[in-house]
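Structure first, then comments.
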Amino acid sequence: MQPKLNRLLRALAREGLEVTYDGRLYSVRLQADANAPPAEVLLPPDLPVEGKAFQQLAHLAALRHPSGGEVLRVRATPDFHPGDSGVAIGSVLHTRGLVVPGAVGTDINCGMRLHVADLSVDDFLARRDAFVERMKGHYFFGTRDVAMSSRASTALLRDGIPGWLLETLDAPLGCARAADLKQLDAEVERIHLGGVLRGNPDWAPEALTREGVVRDAGLATIGGGNHFVEVQRVEAVEDRARAWAWGVREGQLAFMIHSGSRDVGKHVGVAWKDRARKAWPQGAPFPDSGILPLADETLVSQYLEAEATAANYAFLNRLLLAELLRQTLRELFGDVEAPLVYDVPHNITLPHEGGFLARKGACPAAAEQPVIIPGSMGATSFLMVGCGDARALESASHGAGRARSRFSLARAGADQSEAALGLKGVDCISLREERRVEEAPAAYKPIRPVVDSQVEAGIVREVARLSPLLTFKA
DNA sequence: ATGTGC
C-alpha cells in the first residue's frame, strides 16, 4: 500500500499539486497558488484514490472571481471520485460572496428517502412477483397517473411540497388521488428543510406551468446512473433509542429511494452553466478548470432561486416514487402503514455561516440529523445520525463511491460473470441488462470502510443497517 | 446526472 501511495503523491506533485497525508486526511493544493485554501479529503489508506479527483478539488479550492467573493474551504467525503463537469462528486464547497453552479451541477437535489413498512419480510417475499410486475408498470411503463393542475405544479416549483399539498388538497387530481394527502401533510416535517426552498416557476421548463393539466412523463421516474428504488430489511439497530424515535425497528421491511430532479435539474443546470460563462467579466481569463463562479448579487440570488425550483421538483419526484410503492403495498397486502423516516438532498447549495455550502454528492450531517448512506447494489445501506462536525463542513458521504467507470465495466474482454460483477444473489429489476452491469457491485468501493472512517472521524454515528431484498434500476 | 456513451 505504502509504495502505491508514494507513487500517487509523486505523480500528483509532477502535475503541480502539493499533497500531504496523515493516514486519514489528505490536504491538497495547487503549488502555483499558495494563497488558496487547501482542500481536505477524509480517506482511509485502504480505499482506492484517483488523481483526477484530487486535481479537481485543488482547482475548486483555488477558484476566484475577478470582482470578489471567496472560497473559504473545500472538503471531500471518502466516497469522492472525479466528476465530468470538473467538480469531483463528494465535494463540499464553502464560499462567501460567490456561488458555483457547477459545484452542484445538473443533478439538483439528488437525494435519499427512506420509509419503513409494517409488513413482515416473509409476507412481502411471498408476493414478490406480483409486487415486481406492478412496480415495473409504475416505474418503467407509465401506468402511473401523475397529472397535476398547473396551479399545483406552479405552487410546487415556487413553494415546494407544502405549496403543492395546499393546491392539491384543494383540487385533487391524478397523483393526488394516488396520494394519502393527510399522511403526506403530516410527513412534511420529516423532509429536509420541510420540503421547500424558495423557487420561481419561470426557471422551470415551460411545459410544467402551462395552463391546464400538467402531465409530466418524467415525474415519479427513477432516472439513470446510480439512482434506484430498493426494498430492504432492517438488519440491525445500533442506536435503539434513536431508531425507536424515528420509527425504525429490527426486522422491518423498508424501502429506500435515490433519485433527483430529472429533466428539470438538467434544464436549470445547463442554462446556468451557459449564464455563468456569459456573465464572466470581459477580458478576464477563464479558469483552467472550466468551473465558473457567479459573484454578482443579482445573479447569485437568481441562480439560487433557479436551483431551488428544481430542488422542489426533486422533493415531489421522490415523494411520488414512494407513494406509488406505498400504494402498491396497500393493494397487495391491505392496510399497511409505511411511514417516512426521512428525505434528504445530497446535491444542493444551502446558506451556511453567512455564506453558502454547495454539496455535490455529500449528505448534510448537522447534529441530531438523520443521514442516509446507501451501499452499492447488493450491499448494506446505513441510517446514521449526524454529529455536526465543523471540520467536515457538517457533511457525510452520499454512498460508497464509484470505483470503476461505466465503460470499464462494459468493455469487451472484461470478466462479466455474475460472480465477478458481484451480482450473484442480487435481485435487480432493470429494463436494460447493460444497466445491471454498469451499476453492479464491482463498480463501487466497499461501503464499510467509507462508513467506518466517518464514524471514527466523529462525523456520523450508526443508527441502523439495512440489507437489500429487491432493487429497481431504470 | 441526461431518452447518454470511452
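Each chain gets a letter, A, B and so on, in the order the sequences are listed, and its residues count up from 1.
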Quiz prompt | Partners passing salt bridge (charged side-chain N to carboxylate O under 4.0 Å, His left out) against A/K424 (at least two apart in sequence or in another chain) | solution =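 So A/K424 forms no salt bridge (charged side-chain N to carboxylate O under 4.0 Å, His left out) with any residue.
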Gap between atoms [atom1] and [atom2], on [X] and [N] respectively (whole Å):
X	N	atom1	atom2	value
A/K266	B/dG3	NZ	C1'	9 Å
A/K473	B/dT4	NZ	C1'	15 Å
A/R262	B/dT4	CZ	C1'	12 Å
A/Y313	B/dT2	OH	C1'	13 Å
A/F140	B/dG3	CZ	C1'	14 Å
A/K273	B/dT2	NZ	P	16 Å
A/R435	B/dG3	CZ	P	10 Å
A/L431	B/dT4	CG	P	14 Å

Exercise. Check if the side chain of A/E434 and the base of B/dG5 share a donor-acceptor pair of N or O atoms closer than 3.5 Å.
Key: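 When only heavy-atom distances are counted, A/E434 does not reach the base of B/dG5 through any donor-acceptor pair under 3.5 Å.
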Sugar-phosphate, base or nothing in reach of [X], heavy atoms under 4.0 Å:
X	answer
A/G223	sugar-phosphate
A/N347	nothing
A/G225	sugar-phosphate
A/G105	nothing

Quiz: residues 85-93 of chain A side-chain donor-acceptor pairs under 3.5 angstrom, not counting sequence neighbours:
from  : atom 1 : to     : atom 2 : distance (Å)
A/S85 : OG     : A/K360 : NZ     : 2.9
A/S91 : OG     : A/A88  : O      : 2.6

Exercise. Find out whether the Lys NZ or Arg CZ of A/R402 is both under 6.0 angstrom from the six-membered ring centre of A/Y444 and within 45° of the ring's axis.
Key: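 Satisfied, under 6.0 Å and within 45°.
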Practice problem: Ignoring hydrogens and angles, tell me if any N or O in the side chain of A/T328 forms a donor-acceptor pair with the backbone of A/L324 under 3.5 Å. | Solution: yes
